[in-house]
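In what follows, a single structure is set out as C-alpha cells and then discussed.
Convention: sequence-line order gives letters A, B, ...; per-chain numbering from 1. What you see below is based on every heavy atom in this structure, not just the backbone, and it leaves out hydrogens, waters and symmetry mates.
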Amino acid sequence: MISITFPDGAVREYEKGSSSLDIAKSISEGLARKVLAAEVDGQVWDANRPITNDASLKLLTWNENGGKSTFWHSSAHLMAEAVESLFPGVKFWVGPPVENGFYYDMDLGDRKISEEDLLALEKKMKELSKENNSYTRKEVPKAEAVQYFIDKNDEYKLDLLEGLNDGEITFYTQGNFTDLCRGPHIPHTGLIKAIKLTNIAGAYWKGDDKNKMLTRIYGITFPAQKELDEYLQMLEEAKKRDHRKLGKELSIYTMDEDVGQGLIMWLPNGTVIIEELEKLAKETETEAGYKRVVTPHIAKESMYLTSGHLPYYADSMYPPMEMEGEKYYLRAMNCPHHHKIFAAEPKSYRDLPYRIAEYGTVYRYEQSGELFGLMRVRCLHMNDAHIYCTKDQFNAEFRAVNEMYLKYFKIFGIDKYVMRLSLHTPEKLGIKYVNEPELWIETEEMVRNVLKESGIPYVEVEDEAAFYGPKIDVQIWSVIGREFTLATNQVDFSQGRSFKLQYNTQDNKTETPIIIHRAPLGTHERFIGFLLEHYAGKLPVWLSPVQVKILPISDKFLEYAETILRNLKKADIRAEVDDRQEKIGKKIRDTELMKIPYMLIVGEKEMNEQKVSVRRQGKGDIGTKAVAEFIAETVLEINERREE
RNA sequence: GCCGUUGUAGCUCAGUGGUAGAGCACUUCCUUGGUAAGGAAGAGGUCGUGAGUUCAAUUCUCAUCAACGGCUCCA
C-alpha cells in the first residue's frame, strides 16, 4: 500500500501502482471523467501512470493550468496524427501548448497546406477523437529511439534526441501515432471534443532565421463545444477593441501607400489626443525639474560612431543620405543629440542632476513583416528625457522616475503590467553589450536595489539589456494578446564616456555623469494604440477629441444650441453642434457610436428654462442641468483628468 | 526579411472570361421630429499597380505594392 497526501492535507491509503485516475475514481466517477493529469510530488504526470511510492497528489482538471496545457499538448499530438494520416511522410519538429491552444511545427516537404486542408484535418481529428485512444507512455533506451527515427529518416527527432540522455527518453503513442515526447498527456483522445485549427504559419526551425522554415499549424481545443463557442465569441469581442479598427472608426489616424509603410498620419481627432498627452507630460516633467529642449531629426554619421549606436543598430536605421561628402542619418534615438546639449556648456556638480526632455521624433527601419497598426511603426514620437547625475544622486533619480511611471499608470487606470528588469549576458560582452563587466554588475545591482526599495513588482530577464546598460521595460498586452513594451527606463554608464561628458566635482576634479534614459509614456503611437484598446475607444473626457455634442431636437433650436456652443468653447471644452436635419434618435445613435462622452439635448423645454438635458455615452439620460452647472462640472472633470 | 492569406465605391462586403452590385456614409428634396437608424431621389469604382495569355481580363498566369495571420527582430 502507498499513502497519498491530498492538497487539503488529507492522507489516504491506496494499492501500490494505483494511477491518479484510479484514485479519482475512488472519490467520484464524475471527477474521474474530468481529470486530465495530476501533479505527483509537484511534477505533472499522466493521470494513468501508476504511482509506486508514497506521494502528494493534486488532480488537474481543465481549470488548473497544468490540466489545460496537458490537454492542449495532447491535442497537438492528435493533430499530428491527423496530419500524418492525410499527409504521409511528414516530419515533425515540436508541438507544445501555448497560451491559447497549441501548435505543431512540421516539414511537409514540397507539399503546401491550405485553409481547406485545415477543415479536412479538423474532421480527421474529430474522427480520431471518437476512437477514444489512450495515450500510452513507454520508456525507451536511447539506442532504440535513435534507430526508430533513423528508420523513419526523421532528422528532426534525431536532432532532439541528441540533447537527451539514456534513461530520460519516452515515447507516447495514441492510435497509429507515436512521438518522442516528455509528456505528460491526458488519459485518452475522447476528452478532446471541440476542435478548431486556427491558422497556418511559417516558423524557422529552432527559431533561427538562418534555418529552414517549417510549417506551423495553430489550433485550439476544448472539452466541450460550448467552451469553444465562447472562446470564438471572445475573439470577436477583442476584434472590436482592436486599435486599428477603432482608429479608423473614430478618425484617429491614417496611413497611405504613397507615404510609406509604418508611417502614421494623425488626423485632427488623433492630434487632439497627442496634444493632451504632451500637455500632461510637460506639466509632470516641469514639476519634476526637467527642462525642455528641441533637436533636429538627423545627424552625421560621426555622431552615431561616437555614441556607439552604428555598430549595433545600423540595420534598423534608414540608410544614410549623402550631402557634400558627408553621410547623414535619420535618427533612431534622441540620446546622442541630448548628450550634445549636455556637452554644449561646461557643467559643474551644481548643475546636476541635469534633466532634459523632448517629445523626440525618431525613425526606425523596422522589418516590413513586423509593422503592426500603431504598435509597431517606422516613425515614432517618444516621451523622451535624459537625466545626467552623479553616482550618489542615481538612487533618488531612478526612484523618482519610477514614481512618475506609477503616477501615470494611476491616471490611466493601468493595473495590468509587468516591470521587466533586463540584464546583460556575460558571454555577449563586446558583441551585444559594451565590454565593461564590473560596471554591468554594479549598475544592475543599483537598479535592482531601487526596485526592491520601492516595492515595485518586477521580473528579471537575461540578455535583454540595451548595449549601454541595464533597463526596466514595462510590458503590456494588446487585446489581440500581443506583448509590447509600453515604456522603458534605462541606465547608461557607457555613452557618457564615449561622448566625453564631464562635470566638475566639488574638489575640482572631472567626473563622467551616469545617464538615465526614460520614456514613461513610451511613444505617442504605441501609447495611443494602447489607450484605444484599454478604453475600448471610450476615452476619458479629458482625452476625447470631441468632448460634448449638442443635439437640437429640431433646427428651431439651432440658435440656442449655438449659444451653448459658444459658452462651452469659452470654457475650453471641445464641443460641436449636430445641425443635420435628422431626428433626435438618429443624432443620439451617431454620437453614441462616435463615443463622444457627453450629449446635450436641447429643445423647447430646455430653451425656455435655459437648461440642457445631459446624456452620458454608454449610460443614457442623466437628467437636466443649468448650462453653467454642466460647464463647471465638466471643466472639473477635465482638469482632474478623471477616468469617469 | 521569411512562410501563408487577402486586395471590388469613403466603410463593410456580394459578384462575373463579354468593361460591375448591396447596405451604411455622402449630396439634394420632403419631413421639424423628445433620448440608439423618418422618407424619396441622386452622385460615386479604368475591380491595388504593371506585364502576359486571350477576339475579349476585374475574373486566368507572373511580377510588384500594401494589408492581415505567424516566424525572426524590436535601441
Side-chain angles (χ1 to χ4, degrees), chain A residues 98 103 105 108 112-115 118 198-218 242 244-245 248-249 251 254-262 304 307-309 312-317 331-336 362 364-373 375-377 380 382 384 422 432 464-469 471 473 480 482-485 488 490 492 495 517 519 526 551-558 580-593 599-606 613-622:
Chain A
V98 288
Y103 66 79
D105 282 351
L108 288 159
K112 289 234 163 97
I113 204 161
S114 69
E115 304 278 336
L118 287 191
T198 46
N199 56 44
I200 312 164
Y204 298 110
W205 183 43
K206 296 186 181 181
D208 187 334
D209 60 6
K210 287 177 199 71
N211 286 342
K212 182 174 181 176
M213 186 159 267
L214 304 177
T215 302
R216 175 175 293 181
I217 303 179
Y218 282 90
D242 187 324
R244 294 167 296 185
K245 188 170 161 63
K248 191 177 271 292
E249 284 171 0
S251 299
T254 188
M255 292 192 260
D256 188 280
E257 283 189 29
D258 281 340
V259 176
Q261 275 187 287
Y304 297 108
S307 71
H309 281 103
Y312 295 96
Y313 300 119
D315 282 352
S316 39
M317 291 174 79
R331 70 172 168 196
M333 65 294 292
N334 304 303
C335 36
V362 303
R364 296 179 181 178
Y365 199 83
E366 303 284 0
Q367 294 184 73
S368 57
E370 259 315 313
L371 302 171
F372 180 69
M375 296 302 208
R376 196 78 179 268
V377 295
L380 36 135
M382 284 183 84
D384 213 353
S422 303
K432 191 172 167 187
E464 293 281 331
F467 77 88
Y468 45 65
K471 61 177 180 175
D473 283 335
I480 327 283
R482 282 202 191 197
E483 185 179 356
F484 290 96
T485 300
T488 179
Q490 310 172 348
D492 180 352
Q495 286 193 67
H517 305 236
R526 193 169 286 182
L551 311 180
I553 295 287
S554 78
D555 51 14
K556 284 188 203 151
F557 312 105
L558 257 180
R580 297 175 305 166
Q581 293 187 11
E582 293 289 353
K583 288 191 170 180
I584 194 68
K586 171 73 166 162
K587 291 181 181 179
I588 287 170
R589 179 180 157 81
D590 289 346
T591 313
E592 286 278 351
L593 291 177
M599 281 156 264
L600 301 182
I601 292 154
V602 293
E604 182 150 24
K605 202 173 60 180
E606 288 80 7
S613 280
V614 186
R615 211 188 136 95
R616 178 77 214 225
Q617 202 276 345
K619 291 210 176 93
D621 195 346
I622 56 170

B:C74 base / A:Arg376 side chain donor-acceptor hit below 3.5 Å: yes

Side-chain heavy atoms of A:Ile553 within contact of A:Glu604, under 4.5 Å: no

A:Asp555 CG - B:U32 P separation (whole Å): 10 Å

Separation of B:U32 C1' from A:Glu604 CD (nearest whole Å): 12 Å

Touch class at under 4.0 angstrom, heavy-atom based, for A:Arg216 against every strand present: sugar-phosphate

Sugar-phosphate, base or nothing in reach of A:Gly207, heavy atoms under 4.0 Å: sugar-phosphate

Value in whole Å for how far the P atom of B:G34 lies from CG of A:Asp621: 15 Å

C1' gap between B:U6 and B:C47, integer Å: 14 Å

B:A20 to B:A9 separation - P atoms, rounded to the nearest Å: 14 Å

Side chain of A:Met213 - closest among B:C73, B:G34, B:C2: B:C2

Protein-to-nucleotide contact annotation, 5' to 3' order, nucleotides 37-43 of chain B [B base; S sugar-phosphate only; - none; under 4.0 Å, heavy atom]: BB-----

Nearest-angstrom distance, C1' atom, B:C13 to B:U49: 23 Å

Distance test, side-chain N/O of A:Tyr103 to OP1/OP2 of B:C71, below 4.0 Å: no

Please list, pair by pair, any protein nitrogen or oxygen found under 3.5 Å from a nitrogen or oxygen in nucleotides 67-69 of chain B.
unit_1	atom_1	unit_2	atom_2	d
B:A67	OP2	A:Gln261	NE2	2.5
B:C68	OP1	A:Arg244	NH1	3.2
B:G69	OP1	A:Arg244	NH1	3.4
B:G69	OP1	A:Arg244	NH2	2.9
B:G69	OP2	A:Arg244	NH1	3.2
B:G69	O2'	A:Asn199	ND2	2.8

Any A:Gln490 side-chain heavy atom under 4.5 Å of A:Ser422 side chain: no

Donor-acceptor pair present, A:Tyr204 side chain and B:G70 base, under 3.5 Å: no

A:Lys587 side-chain N/O to A:Arg580 backbone N/O, donor-acceptor pair under 3.5 Å: yes

Atom of A:Leu214, atom of A:Trp205 and distance for their closest heavy-atom approach: CD1-CD1, 3.7 Å

Distance between P atoms of B:G23 and B:C2 (Å, rounded): 43 Å

Rounded distance (Å) that lies between atom C1' of B:C74 and atom OH of A:Tyr313: 10 Å

Those residues that, when tested against A:Glu257, pass side chain to side chain contact (heavy atoms under 4.5 Å, CB included) (two or more places apart): none

Sugar-phosphate only, base, or nothing, as touched by A:Lys587 at under 4.0 Å among non-hydrogen atoms: nothing

Which residue lies more 5' along RNA chain B, comparing A:Gln490 with A:Glu592 via nearest heavy atoms: A:Glu592

Residues forming a side chain to side chain contact (heavy atoms under 4.5 Å, CB included) with A:Asp242, sequence neighbours excluded: A:Arg244, A:Lys245, A:Ile480, A:Glu533

Under 3.5 Å donor-acceptor, A:Arg364 side chain and A:Ala332 backbone: yes

Touch class at under 4.0 angstrom, heavy-atom based, for A:Ser613 against every strand present: base

Spacing of A:Asp384 atom CG and A:Asn334 atom CG [to the nearest 0.5 Å]: 4.5 Å

Separation of the P atoms in B:C71 and B:U8, to the nearest angstrom: 27 Å

C1'-based separation of B:A63 from B:G10 [nearest Å]: 30 Å

A:Arg331: partners by salt bridge (Lys or Arg N to Asp or Glu O under 4.0 Å), with sequence neighbours left out: A:Glu358

Whole angstrom value for the distance that separates C1' of B:G34 from CZ of A:Phe557: 10 Å

Contacts of A:Asp473 that satisfy salt bridge (Lys or Arg N to Asp or Glu O under 4.0 Å) - sequence neighbours left out: A:Arg420, A:Lys471

Nucleotide of B:C73, B:U35, B:G33 approaching A:Lys556 most closely (side-chain heavy atoms): B:G33

Rounded distance in Å - CG (A:Asp209) to C1' (B:G1): 8 Å

Contact check, side chains of A:Arg615 and A:Glu592, non-hydrogen atoms, under 4.5 Å: yes

Salt bridge (Lys or Arg N to Asp or Glu O under 4.0 Å) involving A:Glu366 - partner list, sequence neighbours excluded: A:Arg376

Base B:G34 to side chain A:Glu606, donor-acceptor N/O within 3.5 Å cut-off: yes

Gap in Å between the two P atoms, one belonging to B:U12 and one to B:G7, rounded: 13 Å

Residues in side chain to side chain contact (heavy atoms under 4.5 Å, CB included) contact with A:Lys248, at least two apart in sequence or another chain: none

Set of residues satisfying side chain to side chain contact (heavy atoms under 4.5 Å, CB included) with respect to A:Arg616, sequence neighbours excluded: A:Val541, A:Pro597, A:Tyr598, A:Lys619, A:Ile622, A:Glu637

Secondary-structure stems for RNA chain B, with pairs counted as Watson-Crick or G-U when both distances are under 3.5 Å and runs at least 3 long: B:1-7 with B:65-71, B:10-13 with B:21-24, B:26-30 with B:38-42, B:48-52 with B:60-64

Whole-Å gap separating P (B:A25) and CG (A:Leu593): 10 Å

Sugar-phosphate only, base, or nothing, as touched by A:Ala332 at under 4.0 Å among non-hydrogen atoms: base

Heavy-atom side-chain contact between A:Gln495 and A:His309 under 4.5 Å: yes

P spacing across the pair B:U61 / B:U16, given as an integer number of angstrom: 15 Å

With 3.5 Å as the limit, what N/O pairs link the protein to nucleotides 5-13 of chain B?
none

Sugar-phosphate only, base, or nothing, as touched by A:Ile584 at under 4.0 Å among non-hydrogen atoms: sugar-phosphate

A:Arg526 (side chain) donor-acceptor with A:Met375 (main chain) under 3.5 angstrom: yes

For atom NZ of A:Lys206 and atom C1' of B:C2, their distance in whole Å: 19 Å

Residue pairs involving residues 199-210 of chain A (criterion salt bridge (charged side-chain N to carboxylate O under 4.0 Å, His left out); sequence neighbours excluded): A:Asp159-A:Lys206

